[in-house]
K.L.:
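Take this structure first; my questions come after.
Both backbone and side-chain heavy atoms feed into the values below; hydrogens, waters and symmetry mates do not. The sequence lines fix the lettering, A, B, ..., with proteins before strands; numbering per chain opens at 1.
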Amino acid sequence: MRWSQAFIPTLRDDPTDAEAISHRLLVRGGYLRQLMAGAYSLLPLMIRVRSKVATVIREEMDRIGGQEFLLPAVHPAEIWQKSGRWEIMGDEMFRLRDRKGADLALGMTHEEVFSTLALELRSYRDLPQFWYQIQTKFRDEPRPKGGVLRTREFTMKDSYSFDMESAGLDSSFDRHYVAYQRIFARLGLDAVPVEASSGAMGGSDSIEFMVRSNSGEDDVVYCGACGYAANMERATSRIDAIEDGAVHAEVEKFATPGVRTILDLSTFEGGAARESQIKSLVYMMEGELTLVLLRGDHALVEQKLQDGTGAIDLRPAHPEEIQAVLGANPGSLGAVGVKGVPIVADPALAGRYNMVTGANEDEFHLRGVDVERDIEVTTWMDVREITDGEACVTCGEPLEVFKAIEVGHIFKLGTKYAEAFGVSVLDEEGAAITVIMGSYGIGLERNIAAVVETHHDEKGIVWPVAIAPFVVVITVLRADVTEVLDAGERLYRDYQQAGIDTILDDRVERPGVKFADAELIGIPYRVTVGPRGLENGLVEIQDRARGTTEEIAIGDAISHVIQLIGQ
RNA sequence: CGGGCUGUGGCGCAGCUUGGUAGCGCACCUGCUUUGGGAGCAGGGGGUCGCCGGUUCGAAUCCGGCCAGCCCGACCA
């Protein structure tokens, strides 16, 4: 490619609406342009990167026996109704009607379509099958953000495994696990596998691959000592026991005018420290009011509550709903004496006494509360949020909490879809066996963004060679001088013949502009051809990642770069 | 969905309080000079001021409605 003919609209200034580093650099570097919230046009440079990422993914999927498909992005409502997700997906699914008035959806994922195809699986001899595609997904995210990190339309590699029994699924799952590790390694991503929630759709052994980044939206709990790693939605920790005192007090009501929060009560005369309070949250779950109790200084992880109860429809209760059932407003709520309302309590409250909680009467609280004596807990369930520095459950060392980007997710689906669609094969005895499925996803643009998040400097992107849009840029200084441009052209042909993706910067621009652009868009190796070096038969070769620059004889320019790539 | 903010040329912004038909930097085009880290001079092109309505002799500016985008929260296989 000749730069003078390429569409690479670099910008000198950051676009103001870009926050994440990857967003800023990809827009500034001429890789992306936004069309609307959560929808981006991918420009030629981006397409080159994306296609290299896709190649890496294909190679690794094929290595474990994957077969590539391409399924439609528009789906009939029927298949989604069949799996029950037409309702469940709610507003997140783009829906439309065709000219006949039939309900259609844009695919958010493809379990339904692949399951339909899997109906043609007949015999146990056909299994296992690994099917994948690289396809556009549509999700009407309530809040797209971070440029291409979270969008409403994006490319995903999704794959599905079909097995006879859970041992087979385990093996398919493990093979994907290995393939994913290889993929991320080749992309230059340090992806940590973490235990995760499989979400509302069920499944087990859910593992997310996480890349540490401040632009990430997930919190990962990580133990540097033993390697324990889990998504915050799933993580547990060991916490120190709290001494509640020698005297086991009785419940006593006391007035707390103006006290609305845990913090208020911790400084209130006659109140209690935050860890000696019971935090009472009220949720509306599947239309039923539920009390959720936590230690005063602990936060709730809603996903844990959702996973633990199996509730799909879950939200904080409105004040009127709370008032109607408990007779008080938030700020004075508690579970003591409450009957007929499910009460979920976090294990951090087990065995605690002499605690303070709301009295279910505005402006009053109770002290001397013994959790197990005074509260009819329906379910004990870990629902609390881990904080940095708490002890690891497996080794006791301090845990670290960091932000991360979810670059891949693998989980076992079980038989949910196979049952809904009737996907079965005959076993050796001729009996129909429902197949068991796994589901595995990688978001391409998000992975590219994650690479940029972790591979850049103050000047711009620093692509790993494997996915750089071009591996070499030949920067011709004085492209208006025939001899210099000719020398650049010859090198350009030589690099191409050596099979190295090269762009020739033949623009008549000042050196500073060319250097800055090359660094911004992140080409790993820059070969500078200028009149000064040419007099001595030399070019300058710069290694973007290492920051090194060497003068090399023109004749060695190709072999030198090949050697650098090999290192 | 709640809270905050913003829409003026391709990008970044000023002008709006105090109404008079749009300006700056970068980018772009032409010419000359310049050329190893975002050049200089001269000349030039490009904008329904997000949209609709209202007030007014006159609206980028004031008023109302709508739309879009960004940030925080909620939400999110």
K.L.:
Of A/L294, A/V301, A/T309, A/D307, which meets side-chain contact (heavy atoms from CB on, under 4.5 Å) against A/V383?
P.N.:
A/L294

K.L.:
Quick one: on RNA chain B, does A/R12 or A/Y160 contact a more 5' nucleotide (nearest heavy atom)?
P.N.:
A/R12

K.L.:
Is the phosphate of B/C11 approached by A/R28 (side-chain N or O, under 4.0 Å from OP1 or OP2)?
P.N.:
no

K.L.:
Taking atom P in both B/G7 and B/C62, what distance in whole Å separates the two?
P.N.:
12 Å

K.L.:
Ignoring hydrogens and angles, are the base of B/G38 and the side chain of A/E519 linked by a donor-acceptor pair under 3.5 Å?
P.N.:
no

K.L.:
How far does the P atom of B/G65 sit from the matching atom of B/G9, given to the nearest Å?
P.N.:
25 Å

K.L.:
Tell me, please, which residues at least two apart from A/Y440 pass ring-ring contact (aromatic ring centres under 6.0 Å, His included).
P.N.:
A/H176

K.L.:
Between A/K403 and A/D219, does any NZ, NE, NH1 or NH2 come within less than 4.0 Å of an OD or OE carboxylate oxygen?
P.N.:
yes

K.L.:
Only pairs with both distances under 3.5 Å count, Watson-Crick or wobble alike; so what is the partner of B/C28 in this structure?
P.N.:
B/G44

K.L.:
Tell which nucleotide pairs with B/U18, taking only Watson-Crick or G-U wobble pairs whose two distances are both under 3.5 angstrom.
P.N.:
none

K.L.:
Are OP1 or OP2 of B/G36 and a side-chain N or O of A/T528 less than 4.0 angstrom apart?
P.N.:
no

K.L.:
Just to confirm, is there a sub-4.0 Å distance from OP1 or OP2 of B/A77 to any side-chain nitrogen or oxygen of A/S206?
P.N.:
no

K.L.:
Need the pair for B/C62. Rule: Watson-Crick or G-U wobble, both distances under 3.5 Å, any strand; none if unpaired.
P.N.:
B/G54

K.L.:
Would you kindly compare A/E217 and A/A516 by the position of their nearest RNA chain B nucleotide and give the one closer to the 5′ end?
P.N.:
A/A516

K.L.:
When you compare B/C24 with B/G69, how far apart are their C1' atoms, in angstrom units rounded to a whole number?
P.N.:
24 Å

K.L.:
Has A/N536 got more than 12 heavy atoms of other residues, nucleotides or ligands less than 6.0 Å from its CG?
P.N.:
yes

K.L.:
What is the distance, to the nearest angstrom, from the CZ atom on A/R234 to the P atom on B/A77?
P.N.:
16 Å

K.L.:
Does B/A39 have OP1 or OP2 sitting under 4.0 Å from an N or O in the side chain of A/R510?
P.N.:
yes

K.L.:
Rounding to the closest angstrom, what is the interatomic distance between B/A68 and B/C76 at atom P?
P.N.:
23 Å

K.L.:
Can you tell me, in whole Å, how much space there is between the P of B/A59 and that of B/U21?
P.N.:
11 Å

K.L.:
Is A/Q34 near enough to B/A68 that one of its side-chain N or O atoms lies under 4.0 angstrom from OP1 or OP2?
P.N.:
no

K.L.:
Measure from NZ or CZ of A/R526 to the centre of the six-membered ring of A/F515 and say whether it is under 6.0 Å with the direction within 45° of the ring axis.
P.N.:
yes

K.L.:
Using Watson-Crick or G-U wobble geometry with both distances below 3.5 Å, tell me the partner of B/A39, or none.
P.N.:
B/U33

K.L.:
Whom does B/G69 pair with, Watson-Crick or G-U wobble, provided both distances fall under 3.5 Å?
P.N.:
B/C5

K.L.:
Can you check the distance between B/A74 and B/C16, where both ends of the measurement are the P atom (answer in whole Å)?
P.N.:
39 Å

